[in-house]
Amino acid sequence: MSLITLQSVKKDFGIKEILKDANFSLDANDKVGLIGTNGSGKSTLLKMIAGLEPIDEGQFLVNSGAKIIYLPQQPDLDDEHTVLQQVFADSGENMALVREYEEISDKLAHYPEDNQLMSRLSVVMQRMDATGAWELETNAKIILSKLGITDFDAIVGTLSGGYRKRIALATALLSEPDLLLMDEPTNHLDANSVEWLQSYLNRYRGALLLITHDRYFLDRVTNRIIEIDRGDIYTYGGNYSYYLEKKAEAEESAVSSQRKFQGVLRRELEWLKRGPKARSTKQKARIDRISDMQATEFKQAQGKVDIATASRRIGKKVIEINNISKGYGNRTLIKDFTYEFSPEDRIGIIGGNGAGKSTLMDIITGRLQPDTGSVDIGTTIHIGYFDQHSEELLTALNENQRVIDYIKEEGEQVKIADGTTISASQMLERFLFPGNQQYAPIHKLSGGEKRRLFLLRVLMSAPNVLILDEPTNDLDVQTLAVLEEYLEDFNGCVIVVSHDRYFLDRTVDTIFALEEGGNIRQYPGNYSVYLDYKKAEEEKQQATVNTKEKPKNQQTQPTETQTKETPKKKRLSTWERREFEQLEDKIAQLETEKAEAEKAMANVPAGNYTQVQKLYEQVEALKQAIDQATERWLELAEIES
């Protein structure tokens, strides 16, 4: 059953035709990746489906009763709300009940003998049982925790853009719509959160339509790819790997067809030049056919960013970091770090959100001074810094400046890798900015196009040290693939901060992991190799723990010093204890329902595919509910023990 259908939809922004004659539909079980070059209209299409952007022509049909939730790149949140209030903002009565329960519990902690409060608490708890509010809050806290948010009472207005995006993501997931539209959901997530989201969406019962630059994520979550290519829409029934295979075959076939067509046309023109007498009907028809063939236009292969900028000579001394430290307040981000970069280095820097990755980059480039230590940069070094805030920089400072004028500030002429010189306009064309876009103001560009423009300017400066801070945010997968090829042959040092696992695997050979306490640990190899190291370390640590464990009756009593150093044990709150007690019964009930559904599915008469599908979806939903409830029970049990 189709949730939405687009029929002959057109969209045109004047300087660019987004959709010419779009036709496609999304079914209830579709998990679709939307791809295309920056500025091709991916985000616009999501907004059209969400009802935020009108269509120019055609029909957009939505299945009656279908719930559609849209997660934009820059979500609009209420700055006055707490995290939990924001997540439950659209939950109506359930949110009011949860809020009232917490307020009463807080008062009872101060006035435990107040009978009126106890009576009111009992009424609220009964209503929460009836409406399922307990489960809603449990699921919300699980999702927020998995996305790296643990302070549920934090005020939204005090949080960074990355945290706000994660809160919006949690809100969207909790709403469980029939169709979830997601624009770059992995931006601002660390690798662990991306892995969790990937697993969650694999179990998600609703339909998905998402834009992402993370090719591992795209490959493992989607079962269908829709590509926007210069106003046309193409559908591929498989994941990203399947799309790449079929796309290559289609382009090869198109080239072959065009060659055959040109061969036929050449022979027909030769016949025409011989001056045949156009007396018969057949000869007239043949001449008309030749005219039609001459008027036929073939769509060329999609444009590809051409990164062929020159780089300058690099000496032996690149960047020397000597015993640097940096902290804010009581928190140390970088502690006693020393490293000497070489011209051949390909370094990937990873760590959780707020671990200090961008801080380290700013210290290396001189934008920020360390608390202690020094940074010494070689005399031949020219740093190109592509940072994650480049779009904000372009928008804030140059929004009315023309694209070509922004590039000409770096140079009217550009020297490219083969030593020849081309104009700024020609260089823009190589970066997929056609003539009409070059004279448009920067604010007319999409977010991804602004990032691509800034990348061009960075590369035009001919750096010999490239520092890329989250380069994959908002760049399309086609540009990323070309950038990866460029970095393979780049004559200089490359330092990358990224959460994109695919990009790190392609571009680096050493990992710097920022750990707790400001320590920076080095691992040889790319990101996948780093994961293998971490897994081996964890297995070794677990084996050591198992070896050292003794039976309880053989364990010695802790010394007075050990007792003092043991942190104060966290206890379950009133609400958490209540939740803990209810979870065992809930898990047992879910297991019973799952067994009954599986039994019913086995007894469905042959040929009744509709009933089998319905029961299958019920079983999958129960499995997901059991997993979530069990995970929460384990968290609470650990606190209780």
Side-chain angles (χ1 to χ4, degrees), residues 15-16 36-40 213 302-312 361 365 382-492 494-498 500 503 507:
I15 63 170
K16 182 179 291 186
T37 58
N38 291 133
S40 61
H213 62 267
Q302 179 164 295
K304 185 178 181 182
V305 175
D306 183 2
I307 300 179
T309 57
S311 60
R312 62 189 78 198
M361 296 301 94
T365 57
H382 183 86
I383 297 175
Y385 190 7
F386 181 65
D387 70 45
Q388 61 179 312
H389 303 296
S390 56
E391 182 188 333
E392 296 173 18
L393 188 66
L394 278 167
T395 303
L397 300 181
N398 303 283
E399 61 177 11
N400 294 316
Q401 187 177 23
R402 295 187 307 179
V403 170
I404 193 163
D405 293 334
Y406 175 76
I407 289 300
K408 283 182 176 180
E409 287 180 349
E410 188 63 44
E412 296 273 352
Q413 301 290 320
V414 186
K415 189 174 182 180
I416 58 177
D418 63 6
T420 59
T421 300
I422 63 175
S423 69
S425 178
Q426 288 173 310
M427 196 68 213
L428 279 166
E429 287 180 356
R430 288 174 175 234
F431 262 65
L432 303 189
F433 292 103
N436 60 338
Q437 264 195 315
Q438 294 180 18
Y439 290 89
I442 288 173
H443 68 77
K444 290 282 188 181
L445 303 180
S446 70
E449 286 174 318
K450 290 175 184 176
R451 293 273 286 170
R452 186 173 357 114
L453 182 66
F454 188 78
L455 175 62
L456 170 58
R457 181 155 171 174
V458 169
L459 297 180
M460 279 178 60
S461 67
N464 48 26
V465 172
L466 261 179
I467 297 180
L468 308 174
D469 189 358
E470 296 293 0
T472 63
N473 284 359
D474 300 327
L475 285 181
D476 57 72
V477 293
Q478 293 92 335
T479 300
L480 288 176
V482 178
L483 178 59
E484 288 159 0
E485 293 174 7
Y486 171 79
L487 293 178
E488 285 182 6
D489 299 323
F490 179 70
N491 182 32
V494 178
I495 306 169
V496 177
V497 175
S498 182
D500 189 314
F503 190 80
T507 58

Between [X] and [Y], what is the shortest heavy-atom contact and its length?
{"X": "L428", "Y": "Q438", "answer": "CB-NE2, 3.6 Å"}
{"X": "P441", "Y": "N400", "answer": "CB-O, 4.0 Å"}
{"X": "E449", "Y": "Q437", "answer": "OE2-NE2, 2.9 Å"}
{"X": "P463", "Y": "V458", "answer": "CD-O, 3.6 Å"}
{"X": "T479", "Y": "R452", "answer": "OG1-NE, 4.0 Å"}

Going from [atom1] on [X] to [atom2] on [Y], what distance comes out if it is rounded to the nearest 0.5 angstrom?
{"X": "F386", "Y": "M361", "atom1": "CZ", "atom2": "CE", "answer": "15.0 Å"}
{"X": "R402", "Y": "I442", "atom1": "CZ", "atom2": "CD1", "answer": "11.0 Å"}
{"X": "I404", "Y": "L453", "atom1": "CD1", "atom2": "CG", "answer": "11.0 Å"}
{"X": "R457", "Y": "M427", "atom1": "CZ", "atom2": "CE", "answer": "14.0 Å"}
{"X": "E410", "Y": "L456", "atom1": "CD", "atom2": "CG", "answer": "9.0 Å"}
{"X": "F433", "Y": "L445", "atom1": "CZ", "atom2": "CG", "answer": "6.0 Å"}

List for me each residue that meets salt bridge (Lys or Arg N to Asp or Glu O under 4.0 Å) alongside E484, sequence neighbours excluded, and say none if there are none.
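By the salt bridge (Lys or Arg N to Asp or Glu O under 4.0 Å) rule, E484 matches R215, R506.
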[X] vs [Y] side-chain heavy atoms within contact, under 4.5 Å:
{"X": "M460", "Y": "I407", "value": "yes"}
{"X": "F503", "Y": "L483", "value": "yes"}
{"X": "T507", "Y": "L468", "value": "no"}

Check side-chain hydrogen bond (donor to acceptor under 3.5 Å, both in side chains) between N491 and all other residues, then give those that pass, not counting sequence neighbours.
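Residues passing side-chain hydrogen bond (donor to acceptor under 3.5 Å, both in side chains) with N491: none at all.
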Among T365, I495, L466, side-chain contact (heavy atoms from CB on, under 4.5 Å) partner for I383:
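When side-chain contact (heavy atoms from CB on, under 4.5 Å) is applied between I383 and each of T365, I495, L466, only T365 qualifies.
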Y385: what forms a ring-ring contact (aromatic ring centres under 6.0 Å, His included) with it, not counting sequence neighbours?
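Per chain and number, Y385 pairs via ring-ring contact (aromatic ring centres under 6.0 Å, His included) with no residue.
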